[in-house]
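Labels below follow one simple rule: chain letters A, B, ... track the order of the sequence lines, proteins then strands, and each chain is numbered from 1.
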There are 2 protein chains.
Amino acid sequence: MLTPTAVSHSTLHRSNHTLPVPPRTATRCSVCAMRHLCMPQGLTLDDLPRLEAVICSARSVRRGETVYRAGDPFDNLYVARSGSLKTVMAHRDGRQQVTGLRLAGDPLGFDGISTGFHTCSAIALEDSSVCIIPYQALKHLCRETGALQDRMHRLMSEQLIRESSQMMVLGSLSADERVAAFLLDVSERNGQRGYSHAEFNLRMTREDMGSYLGMTLETVSRTLSRFQKRGLIDAQGKLIKIIDLEGLRHV
Amino acid sequence: MLTPTAVSHSTLHRSNHTLPVPPRTATRCSVCAMRHLCMPQGLTLDDLPRLEAVICSARSVRRGETVYRAGDPFDNLYVARSGSLKTVMAHRDGRQQVTGLRLAGDPLGFDGISTGFHTCSAIALEDSSVCIIPYQALKHLCRETGALQDRMHRLMSEQLIRESSQMMVLGSLSADERVAAFLLDVSERNGQRGYSHAEFNLRMTREDMGSYLGMTLETVSRTLSRFQKRGLIDAQGKLIKIIDLEGLRHV
DNA sequence: CGATCTGTTGAATGGTATCAATCGCGGTGG
DNA sequence: CCACCGCGATTGATACCATTCAACAGATCG
């Protein structure tokens, strides 16, 4: 396991998904960062110091490194603070599949609560940083602060809905529809974070996308090319511009 | 919305998935039922009366009826008490997909917490009954009783893992593998409930299975037929016997 | 007992995977 | 500085698995 390290903001702020947080050199998350990124929406100001005491540190992960691995004992939840990560689940025969894409602000690690061990791995798609939230401490705070309990439940419920939706993508949509749905999802989430709906740097490889969407990397590539020829998008490798949002919605 | 009605145990006990609960005529869940079915594992005996006050009633749903519908305001969680249900999610274009199968003891309704409205529907696959757990009351009780909070978190986390696993089934497995994985999953869950691993009455139609597994009902039927010819199972319509468990695991 | 729903099976089509070749880019080291 | 290497991405040709369309059989229910 890696130990928490200081966050280098000079590199963080070059990242595509870093939220507009004032540069700081401290390891501890700033309150203003937490307000956006972590769990406290709906809390009163009185609650913030207590929460700050729980979210004790940030940790930076380099591209390709894991925040946690399937099988690791579960101690902490995390919140992506900058950058982006994928969650990956492995079948016993070795095949593995990308089960999620996490952007800045997204929570990570709920899968460990059930058994006390993580069942999937979280891997950084680019140099990223995550807030570390010790679960036991958070649990205790939830019992004192109803708003935090609410937020915790809502975050897990949101994740459940997200996964149900992805099940529908995988089970019911054609390859074209899957890719379109994925691009629209990323576009929307980018917009929610204050970035452009229309242009983003998608750090996943074609293989990651294929794995997430239940198809081969070749089919992903072909589909993107076809979308480009149809004037729906402009894809230069990982840099994706959405040209015809409505068009994408209708295929 | 239907109102809670008395549970008819005479019909319940004919159901395949009814747990061995002593017959009772009261609408209120008995403690012994809750101990198995609902949320209280890990609670002290002192906590039970308080929980009993929250889980105020049961409701019976006939085959094909819904416990809740996508779009309904969210007020209650539910626990399947007898019978079995499917959860269904709809795409905006009308296509819909089965996202889950719930057997006796499984929780229902977490999807509503996030927005205050349900995003999927829960439909009884046979005449069934569910415990009704008012969410607000449960939330308050969670703040008083740490063990209940724990259980709540674990149940949601379990559900997350279940959905991730299903994403992997849908994204990575062939039709044969999907059907085999599904049969093994149902077999295991049946076993956990004290029923036979080897023989069960699967109340889903071939179409439901196909929807859940991301394939057509014809392919499900063909696959089951092929499994039968290979001596892996014996399927007479909805009654399924698993003959070669290991064989199923290896395709 | 007819009507409708569910399940099975067959034949033909088509979408996606597979296999393979090539290209482009970034990093590395001569 | 540039050649080389490796990885990621693109594109093509072919094969195959699952869908689609269709007919029919069996169950269930009013």
query: Hey, is A:Arg59 close enough to A:Glu65 for a salt bridge, meaning N to O under 4.0 Å?
result: no

Any N or O donor-acceptor pair under 3.5 Å from the base of [N] to the side chain of [X]?
{"X": "B:Arg222", "N": "C:dG10", "answer": "yes"}
{"X": "B:Arg226", "N": "C:dT8", "answer": "no"}
{"X": "A:Glu218", "N": "C:dC19", "answer": "yes"}

Please report the distance, rounded to the nearest Å, between [atom1] in [X] and [atom2] in [N].
{"X": "B:Ile233", "N": "C:dG7", "atom1": "CD1", "atom2": "P", "answer": "13 Å"}
{"X": "B:Met209", "N": "D:dT19", "atom1": "CE", "atom2": "P", "answer": "15 Å"}
{"X": "B:Leu224", "N": "C:dG7", "atom1": "CG", "atom2": "P", "answer": "10 Å"}
{"X": "A:Glu207", "N": "D:dG6", "atom1": "CD", "atom2": "P", "answer": "18 Å"}
{"X": "B:Arg203", "N": "D:dA27", "atom1": "CZ", "atom2": "P", "answer": "16 Å"}
{"X": "B:Leu125", "N": "C:dC5", "atom1": "CG", "atom2": "P", "answer": "18 Å"}
{"X": "A:Glu126", "N": "C:dG26", "atom1": "CD", "atom2": "P", "answer": "16 Å"}
{"X": "B:Gln228", "N": "C:dG7", "atom1": "CD", "atom2": "P", "answer": "14 Å"}

query: Which residue, B:Arg62, B:Arg203, B:Arg63, forms the side-chain hydrogen bond (donor to acceptor under 3.5 Å, both in side chains) with B:Glu126?
result: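 Going through the options one by one, the only one that passes is B:Arg203.
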
Using only side-chain N and O atoms of [X], determine if any of them is under 4.0 Å from OP1 or OP2 of [N].
{"X": "B:Lys238", "N": "D:dA27", "result": "no"}
{"X": "A:Thr219", "N": "C:dA17", "result": "yes"}
{"X": "B:Ser225", "N": "C:dT9", "result": "yes"}

- request: Check step by step if salt bridge (charged side-chain N to carboxylate O under 4.0 Å, His left out) holds for A:Asp176 and A:Arg230.
  value: CA-CA 12 Å; A:Asp176 281 16; A:Arg230 285 206 260 161; 3.5 Å; yes

query: Which residue, B:Val220 or B:Arg63, contacts DNA chain D at a nucleotide closer to its 5' end, judged by nearest heavy atom?
result: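 Closest to the 5' end, via its nearest nucleotide, is B:Val220.
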
- request: Return the nearest nucleotide to the side chain of A:Ser221; candidates are D:dT10, C:dT18, C:dG7.
  value: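 Given the options D:dT10, C:dT18, C:dG7, the side chain of A:Ser221 is closest to D:dT10.
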
query: Of the candidate nucleotides C:dA17, D:dT10, C:dT9, which contains the atom at the shortest distance from the side chain of A:Leu217?
result: D:dT10

Sugar-phosphate, base or nothing in reach of B:Gly64, heavy atoms under 4.0 Å: nothing

message: Please classify the nucleic acid contact of B:Thr205 as base, sugar-phosphate, or nothing, using heavy-atom distances under 4.0 Å.
response: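 Sugar-phosphate, backbone atoms only, no base.
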
- prompt: Would you say the side chains of A:Glu163 and B:Ser164 form a donor-acceptor pair under 3.5 Å?
  reply: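 Short answer, yes.
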
task: Give me the ring orientation class for A:Tyr68 and A:His118: parallel if the planes are under 30° apart, tilted from 30 to 60°, perpendicular past 60°.
output: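 The arrangement is parallel - the two ring planes meet at less than 30°.
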
